[in-house]
Amino acid sequence: MSRFLLPVSVVGTVIGGTVLLKDYVAGGACPSKATIPGKTVIVTGANTGIGKQTALELAKRGGNVILACRDMEKCEVAAKDIRGETLNPRVRAEHLDLASLKSIREFARKIIKEEERVDILVNNAAVMRCPHWTTEDGFEMQFGVNYLGHFLLTNLLLDKLKASAPSRIINLSSLAHVAGHIDFDDLNWQMKKYDTKAAYCQSKLAVVLFTKELSHRLQGSGVTVNALHPGVARTELGRHTGMHNSAFSGFMLGPFFWLLFKSPQLAAQPSTYLAVAEELENVSGKYFDGLREKAPSPEAEDEEVARRLWTESARLVGLAMAHGSPGRGYAIPR
């Protein structure tokens, strides 16, 4: 009997070590136990993946959670699932298509009219490496949805966020931003050959630059804004890459994918942490890799690029600049 103990012990150690390594790579659970009763939360793209899990985590903590999604059928199902799992009745679905400026404005008007407060805005929705599609308004899809749509939405809700202060904005970016470059001569890929990977990287760099610039504009308002890389997760986001459909990837690289790819639940922990952690109440304008603050790419910290991108973005989505600090007026709706 004893001769079996060593092999069993070795197997147990290997399995345990693998799980611990996976948890280390994945970043672990949100260390904060803070709850948010009475606070209103908006999570974009919350019908699946990281967004749904983030909404679930914040509903568990007592929030009034609004799932803002394009596909209302899936969104209603997700809201029902979350209500059932958390027993929190204050979870509902609302329509928001980030590929439509009209839809964004309609959503913002509804929120401003119906909600007494907005305490947490999680800009989670994204598309990744899709074909050369354009939004309803003619923007390259990844730049339009991942960045411009959230830029407009956030600006339209700023007064409500300020009135609810202390409040927080969480922008989901990606490690891919380090390979990004803002091409002001052709932001929407109208002149050069389309590169879906480069377009994705540009959109995620824009998110970090937006976060930095917005944090400057919100100084003293009681509203904080931070960006994060949630980690590489097993979600529908990668459906256009073809990686999940590859027989080679599934057979040969499956064990490595299991180790390195987070579950949606684990990938939602950084968003949850930035949304609720009491120690982050006054932290703003930062970039987090998982649960840890980290310096972003050099271009992501270029203040001149950030200001120029803000001005161009305001023009593209139809926001006018109000008077403020030199070169940094708040964007307001026309």
Side-chain angles (χ1 to χ4, degrees), residues 42-45 50-51 68 70 96-105 107-108 121-130 132-158 169-190 194-218 225-230 237 240 271 285 287-288 296-297 299-303 305-319 331 333:
I42 297 172
V43 183
T44 68
I50 297 174
R70 179 180 59 83
L96 170 65
D97 183 355
L98 287 159
S100 165
L101 298 185
K102 178 183 178 183
S103 175
I104 295 167
R105 291 181 182 278
F107 174 84
L121 172 62
V122 183
N123 289 322
N124 165 84
V127 290
M128 177 183 178
R129 296 180 65 175
C130 60
H132 194 185
W133 296 337
T134 56
T135 69
E136 179 179 290
D137 305 279
F139 305 127
E140 185 274 320
M141 185 64 73
Q142 296 181 92
F143 190 68
V145 170
N146 300 354
Y147 167 61
L148 282 178
H150 285 125
F151 174 87
L152 176 60
L153 175 65
T154 303
N155 272 286
L156 294 176
L157 294 178
L158 273 184
I169 302 164
I170 295 95
N171 294 327
L172 269 74
S173 180
S174 168
L175 180 62
H177 85 274
V178 302
H181 171 67
I182 304 298
D183 183 356
F184 286 105
D185 294 325
D186 192 16
L187 287 172
N188 284 296
W189 296 83
Q190 295 169 320
Y194 188 64
D195 182 331
T196 185
K197 181 179 179 181
Y200 179 73
C201 294
Q202 176 184 247
S203 74
K204 290 303 186 177
L205 172 59
V207 170
V208 183
L209 288 163
F210 168 49
T211 301
K212 291 282 186 178
E213 179 64 11
L214 182 58
S215 72
H216 288 302
R217 294 167 181 262
L218 290 175
V225 55
N226 292 290
L228 67 91
H229 166 56
L237 181 63
H240 296 296
S271 299
Y287 171 77
F288 285 75
S297 70
E299 186 169 347
E301 299 201 276
D302 189 320
E303 293 191 2
V305 171
R307 284 194 293 269
R308 184 179 176 187
L309 179 63
W310 182 287
T311 300
E312 182 62 14
S313 302
R315 184 189 69 80
L316 289 171
V317 302
L319 290 176

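Computed from a prediction, not measured in an experiment: that's the story for all the values here.
Here the side chain of E299 pairs a donor or acceptor atom with the backbone of I182 at under 3.5 angstrom. Checking side-chain atoms of N188 against main-chain N and O of F139 turns up no donor-acceptor pair under 3.5 Å. Side chain of D137 to main chain of L101: a donor-acceptor pair is present (N/O by atom type, distance under 3.5 Å, no hydrogens or angles). Formation of a donor-acceptor pair under 3.5 Å by the Q202 side chain with backbone atoms of F143 is not found in this model.
Residues that satisfy the side-chain contact (heavy atoms from CB on, under 4.5 Å) test with A306, not counting sequence neighbours, are L209, E213. Taking S215 as the reference, V225, S284 meet the side-chain contact (heavy atoms from CB on, under 4.5 Å) condition, with sequence neighbours excluded. With sequence neighbours left out, the side-chain hydrogen bond (donor to acceptor under 3.5 Å, both in side chains) criterion links S297 to no other residue. The side-chain contact (heavy atoms from CB on, under 4.5 Å) check on A108 picks up L156, L157, with sequence neighbours excluded. Residues passing the salt bridge (charged side-chain N to carboxylate O under 4.0 Å, His left out) test with E312 are R315, sequence neighbours excluded. Checked against side-chain hydrogen bond (donor to acceptor under 3.5 Å, both in side chains), N146 has the following partners two or more places apart in sequence or in another chain: S203. Residues meeting the side-chain hydrogen bond (donor to acceptor under 3.5 Å, both in side chains) test with D186, sequence neighbours left out: K192. Residues passing the salt bridge (charged side-chain N to carboxylate O under 4.0 Å, His left out) test with E136, sequence neighbours excluded: none. For T154, the side-chain hydrogen bond (donor to acceptor under 3.5 Å, both in side chains) criterion is met by N123, not counting sequence neighbours. In this structure, the side-chain contact (heavy atoms from CB on, under 4.5 Å) partners of A125, at least two apart in sequence or on a different chain, are T44, L98, H150. Remark: F107 pairs with no residue by the ring pair (Phe, Tyr, Trp, His ring centres under 6.0 Å) rule, at least two apart or across chains.
In terms of heavy-atom proximity, F151 sits nearest to A314 at CE2-N, 3.7 Å. Between Q142 and T196, the shortest heavy-atom distance links the atoms NE2-O, 3.1 Å. Across all their heavy atoms, A99 and V145 have their closest contact at CB-CG2, 3.9 Å. Counting all heavy atoms, side chain and backbone alike, L152 lies closest to R105 at CD1-NH2, 4.0 Å.
The pair K212-E301 counts as a salt bridge, with a side-chain nitrogen and a carboxylate oxygen less than 4.0 angstrom apart.
With values rounded to the nearest 0.5 angstrom, L96 atom CG is found 9.0 Å from I42 atom CD1. With values rounded to the nearest 0.5 angstrom, H229 atom NE2 is found 10.0 Å from H177 atom NE2. The distance from the CG atom of L309 to the CG atom of L148 is 8.0 Å, given to the nearest 0.5 Å. Distance check, rounded to the nearest 0.5 Å: CG of L316 to CG of L187 gives 7.0 Å. Separation of atoms CE (M128) and SG (C201) is listed at 8.0 Å; rounding is to 0.5 Å. Residue L228 holds its CG atom at 4.5 Å from OG of S271, rounded to the nearest 0.5 Å.
Between W310 and F210, the angle of the ring planes lies from 30° to 60°, which puts this pair in the tilted group.
With E140 as reference, Y194 is the one residue of Y194, W189, W133 to meet the side chain to side chain donor-acceptor pair (under 3.5 Å) rule.
Within the structure, salt bridge (charged side-chain N to carboxylate O under 4.0 Å, His left out) contacts touching residues 195-205 (residues at least two apart or in different chains) do not occur.
Between V207 and L172, every side-chain heavy-atom pair lies at or beyond the 4.5 Å cut-off.
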Inset, instruction - Check the pair F184 / V305 against side chain to side chain contact (heavy atoms under 4.5 Å, CB included), numbers first and verdict last. - result: CA-CA 9 Å; F184 286 105; V305 171; 4.1 Å; yes

